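Structure first, commentary second.
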Number of protein chains: 2
Amino acid sequence: MQSKPSPITMDAVYTAPGYLFRRMQQIAVSIFVEECSAFDLTPVQYAALVAIHTHPGIDATRLSAVIAFDRSTLGNVIERLESKALIERKPSREDKRVKLLYLSKAGATVLRDIMPSVERAQVRMLQPLKPADRKTLLALLTQLVDLNNEASRVPLRAEDALEHLGKAG
Amino acid sequence: MQSKPSPITMDAVYTAPGYLFRRMQQIAVSIFVEECSAFDLTPVQYAALVAIHTHPGIDATRLSAVIAFDRSTLGNVIERLESKALIERKPSREDKRVKLLYLSKAGATVLRDIMPSVERAQVRMLQPLKPADRKTLLALLTQLVDLNNEASRVPLRAEDALEHLGKAG
DNA sequence: CCCATATTGTCAGTATACTGTCAATCTAGA
DNA sequence: TCTAGATTGACAGTATACTGACAATATGGG
């Protein structure tokens with residue numbers, strides 16, 4: 001017996017995990033931008049600042065691995081952060097291809113000052129859920145992202161992507 | 001006593017719901033495109049096709065409410081679907097501003113044929129979790145998206161957005 | 001009927017994201 | 001050492017997403 005194809009309704013969209021992830025991403029960005037409007041920083045730019053703060057002198061390729069962005073995308077992000085004078089780019093002496101990234105004074109200040117707003121945004125995203133459910137969702141999401149890591153073009157290569165920093169570079 | 005600001009580490013990024021949602025969205029799109037590569041349809045284009053299939057003669061503004069996209073974004077999506085001859089746009093007789101959207105024969109065929117691939121993609125996204133956890137995650141996500149509906153620029157206005165279709169138009 | 005207001009599709013501008021390509025450069029193996 | 005292959009940053013092209021603006025059109029109150 002063949003199973004008949006079910007009729008196509010909007011439920012096919014509304015209940016699909018892919019749709020829910022897209023929708024939640026939209027909402028999350030919206031909340032972030034609203035809470036952080038005073039700083040004129042997008043979520044991506046914020047993540048890049050944190051990574052450069054944590055790993056001063058990182059290069060663009062390694063940065064892309066550490067925050068799981070495409071190298072192409074990251075190029076533009078870096079450009080914008082540089083034009084806002086939040087970061088500095090210095091050519092590496094050991095490898096003429098590489099440009100090393102550093103937080104500027106202004107960048108460090110912005111990063112320090114934006115943290116409470118970021119924190120508020122993150123809380124707001126999960127606020128509508130009961131506390132226990134927030135924990136559950138976060139745990140499952142963390143698990144799922146980790147287990148699906150290889151499915152995206154730029155898998156996350158957290159800290160260990162930097163193990164050979166200064167050795168190869 | 002003031003609480004000291006915690007040191008800024010990558011954990012501030014990795015454990016933030018906003019980061020996890022962005023990451024999961026990347027992964028979801030990646031899986032969708034891979035499974036549906038034979039059809040050259042993006043997730044957004046697929047959602048638009050389903051909505052137009054379900055509501056033939058819908059206009060762009062109402063379509064945007066039904067799938068929760070920006071009207072601006074949707075304009076380009078519609079253009080692409082039209083240039084692929086998957087949909088048709090006909091001017092409304094009652095309202096000269098409005099262009100009504102219909103699935104073409106080709107559009108209906110593509111939509112019918114792509115469904116199994118879409119289904120596979122949706123399954124794959126949650127595959128790494130235990131079955132019970134998939135259910136839990138999906139339920140919490142559905143809840144959260146619903147409760148946060150108003151937080152995004154274009155809140156979802158599902159079917160009831162169409163209640164007055166043909167009355168006002 | 002007229003006009004203030006709202007709606008519709010469109011456009012310009014910005015910012016992710018991805019694919020694919022390229023020249024410059026580096027590295028490792030023969 | 002010389003060179004095949006890899007890496008790096010950059011670029012072009014496509015596709016979401018959003019903000020804000022606009023002309024054309026529609027609607028409702030006076």
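Residue numbers start from 1 in every chain, and the chains themselves are labelled A, B, ... in the order their sequence lines are given, proteins ahead of strands. Predicted, not measured: the structure shown is a model, and the values here were computed from it.
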With sugar-phosphate taken as primed atoms, P, OP1 and OP2 and all else as base, the protein-contact string of nucleotides 4-10 of chain C at under 4.0 Å (heavy atoms; B, S, -) is ---BBBS

**Q.** Basic-acidic side-chain contact under 4.0 Å: A/E82, A/K90
**A.**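 Salt bridge: no.
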
Could you tell me the separation between the [atom1] atom of [X] and the [atom2] atom of [N], rounded to a whole number of Å?
X     : N      : atom1 : atom2 : result
B/D70 : C/dG13 : CG    : P     : 17 Å
A/R23 : D/dT16 : CZ    : C1'   : 15 Å
A/F32 : D/dA17 : CZ    : C1'   : 16 Å
B/E79 : D/dT16 : CD    : P     : 12 Å
B/I27 : C/dA17 : CD1   : C1'   : 14 Å
B/R93 : D/dA26 : CZ    : P     : 14 Å
B/N76 : C/dA12 : CG    : C1'   : 11 Å
B/R22 : D/dT16 : CZ    : P     : 19 Å

Go through it in stages, so that I can follow the logic: the residues are A/R157 and A/E150, the test is salt bridge (Lys or Arg N to Asp or Glu O under 4.0 Å), and I'd like the CA-CA distance, side-chain angles, deciding distance and then a yes or no.
CA-CA 10 Å; A/R157 294 276 178 255; A/E150 301 303 322; 3.3 Å; yes

> What is the minimum heavy-atom distance between A/A48 and A/L63, and which atoms define it?
Replying inline: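 It is O-CD1, 4.3 Å.
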
With heavy atoms under 4.0 Å as the rule, sort [X] into base, sugar-phosphate or nothing.
X     : result
B/V77 : sugar-phosphate
B/R80 : base
B/T42 : sugar-phosphate

- Assess whether side-chain hydrogen bond (donor to acceptor under 3.5 Å, both in side chains) is satisfied between B/R80 and B/S83, documenting all intermediate values. CA-CA 5 Å; B/R80 271 169 230 124; B/S83 80; over 6 Å; no

Exercise for review: Kindly indicate whether the side chain of A/F21, heavy atoms from C-beta on, has any atom under 4.5 Å from the side chain of B/I27.
Suggested key: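 No, their side chains stay 4.5 Å or more apart.
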
_Please determine whether a side-chain nitrogen or oxygen atom of B/Q25 lies at a distance below 4.0 Å from atom OP1 or OP2 of D/dT16._
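B/Q25 to D/dT16 OP1/OP2: no side-chain N or O under 4.0 Å.
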
Self-check item: Atom pair NZ (B/K135) and CG (B/L140), whose distance is rounded to the nearest 0.5 Å
Solution: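 Reported value, rounded in 0.5 Å steps: 13.5 Å.
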
Distance, nearest 0.5 Å, that separates CD of A/Q127 from CG of B/L147: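 Between A/Q127 CD and B/L147 CG, I get 11.5 Å after rounding to 0.5 Å.
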
**OP:** Select from A/K96 and A/A68 the residue whose nearest nucleotide in DNA chain C is closer to the 5' end of that strand.
**Re:**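 Of the two residues, A/A68 wins.
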
**Helix axis bend for the helix from C/dC1-D/dG30 to C/dA30-D/dT1 - C1'-based end axes, five pairs, 10° rounding** =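 End-to-end axis angle: 10°.
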
side-chain hydrogen bond (donor to acceptor under 3.5 Å, both in side chains), that's the test. Do A/Q26 and A/R23 meet it? Break it down for me. CA-CA 5 Å; A/Q26 282 180 337; A/R23 195 84 188 85; 2.9 Å; yes

* Any chance you could lay out the side-chain hydrogen bond (donor to acceptor under 3.5 Å, both in side chains) test for A/T9 and A/D11, step after step, and finish with the verdict? => CA-CA 5 Å; A/T9 67; A/D11 248 36; 5.2 Å; no

